[in-house]
Amino acid sequence: MPGLRNTSTIAAPPERVWAVVADVERWPERIPTVDSVERLDAGPLAVGARTKLKQPRLSEAIWTVTELTEGVSYTWESKSPGVTVVATHLVEPHPEGTKLTLSLTVEGPLAGLGWLLTKKMTQRYVETEAASIKQVAEG
């Protein structure tokens, strides 16, 4: 499966990093690679919760939470014809504060072609997301 992983160390406690990562409604004001977010379900993130996300140069996508460990991680996925994108946000204690791991995989019959077309941009977006979360959590 094509994909990528980005790990960074953040000089802030895991609770603070988790608060930034899980507050997806505020991503457009905090992360420049997110144009808009619309939660489609009320309440905090939970398994089954859906979020409509628009990013520059990408089609609007519905992300559905498939796994969640409160305060630690969540995985969500977005499906389009022939491709499923799975993204995980993992927050772990670290001697210097928090280790944040963002990972993304692309699955399905068109995954190879889709990845070929979007790999560099996706890598930049994930790096920007990690840097933005770090800046907000440490600020």
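Position 1 is the first residue of the sequence; numbering continues from there.
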Might you work through the side-chain contact (heavy atoms from CB on, under 4.5 Å) test for Glu38 and Leu40, ending with a clear yes or no? CA-CA 6 Å; Glu38 179 186 352; Leu40 302 177; 3.8 Å; yes
Item to check | side-chain contact (heavy atoms from CB on, under 4.5 Å) between Val85 and Leu104, intermediate numbers included | outcome: CA-CA 7 Å; Val85 180; Leu104 182 135; 3.8 Å; yes
Item to complete: Apply side-chain contact (heavy atoms from CB on, under 4.5 Å) to the pair Val86 and Glu107, showing each step before the final yes or no.
Response: CA-CA 8 Å; Val86 178; Glu107 307 168 352; 4.0 Å; yes
Leu4 and Val126: CA distance, side-chain angles, deciding distance, side-chain contact (heavy atoms from CB on, under 4.5 Å) verdict:
CA-CA 9 Å; Leu4 59 88; Val126 170; 3.7 Å; yes
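Between Arg30 and Pro32, the closest heavy-atom pair is O-CD, 3.9 Å. Across Pro56 and Met121, no two heavy atoms sit closer than the pair O-SD, 4.3 Å. Ser36 and Pro28 get closest at one heavy-atom pair: CA-CG, 3.9 Å. Heavy-atom minimum distance, Ala130 versus Ser8: CB-OG, 4.2 Å.
For the atom pair Trp115 CH2 and Thr105 OG1, the distance stands at 9.0 Å (nearest 0.5 Å). Note that the CD1 atom of Ile10 and the NE2 atom of His94 stand 11.0 Å from one another [nearest 0.5 Å]. Here OG1 of Thr118 is found 10.0 Å from OH of Tyr125. Values are rounded to the nearest 0.5 Å. Separating the CD atom in Glu25 from the CG atom in Asp23 is a distance of 5.5 Å, to the nearest 0.5 Å. The distance from atom NE2 of His89 to atom CG of Leu102, rounded to the nearest 0.5 Å, is 5.5 Å. With values rounded to the nearest 0.5 angstrom, Ser103 atom OG is found 8.0 Å from Leu90 atom CG.
The backbone N or O of Ala12 lies less than 3.5 Å from a partner atom in the side chain of Thr98, making a donor-acceptor pair. Listed for the Asp41 side chain is a donor-acceptor partner under 3.5 Å among the backbone atoms of Arg50.
The stretch residues 121-137 participates, sequence neighbours left out, in these salt bridge (Lys or Arg N to Asp or Glu O under 4.0 Å) pairs: Lys134-Glu138.
A salt bridge does not link Lys54 with Glu60: none of the charged nitrogens is closer than 4.0 Å to a carboxylate oxygen.
Environment of CD in Glu92: crowded, with over 12 heavy atoms of neighbouring residues, nucleotides or ligands closer than 6.0 Å. Counting heavy-atom neighbours within 6.0 Å of Arg5 CZ, excluding the residue itself, gives a total of 12 or less.
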If you look only at distance, which donor and acceptor atoms sit under 3.5 Å apart when one is on a side chain in residues 62-82 and the other is two or more places apart or in another chain?
from	atom 1	to	atom 2	distance (Å)
Thr66	OG1	Thr75	O	3.4
Glu70	OE2	Trp18	NE1	3.2
Tyr74	OH	Val21	O	3.2
Thr75	OG1	Thr88	OG1	2.9
Ser78	OG	Ile62	O	3.4

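Gln55 has its side chain within reach of Leu53: a pair of non-hydrogen atoms, C-beta onward, lies under 4.5 Å apart. With contacts defined as side-chain heavy-atom distances shorter than 4.5 Å, the pair Ser132/Thr128 qualifies. At a threshold of 4.5 Å between non-hydrogen side-chain atoms, the residues Val91 and Lys99 do not count as touching. Using a 4.5 Å heavy-atom cutoff, the side chains of Val37 and Lys52 are not in contact. Using a 4.5 Å cut-off on side-chain heavy atoms (C-beta onward), Arg26 and Ile31 make no contact.
In the hydrophobic cluster analysis, where Ile, Leu, Val, Met, Phe, Trp and Tyr join through side-chain heavy atoms closer than 4.5 angstrom, Leu110 is grouped together with Val106.
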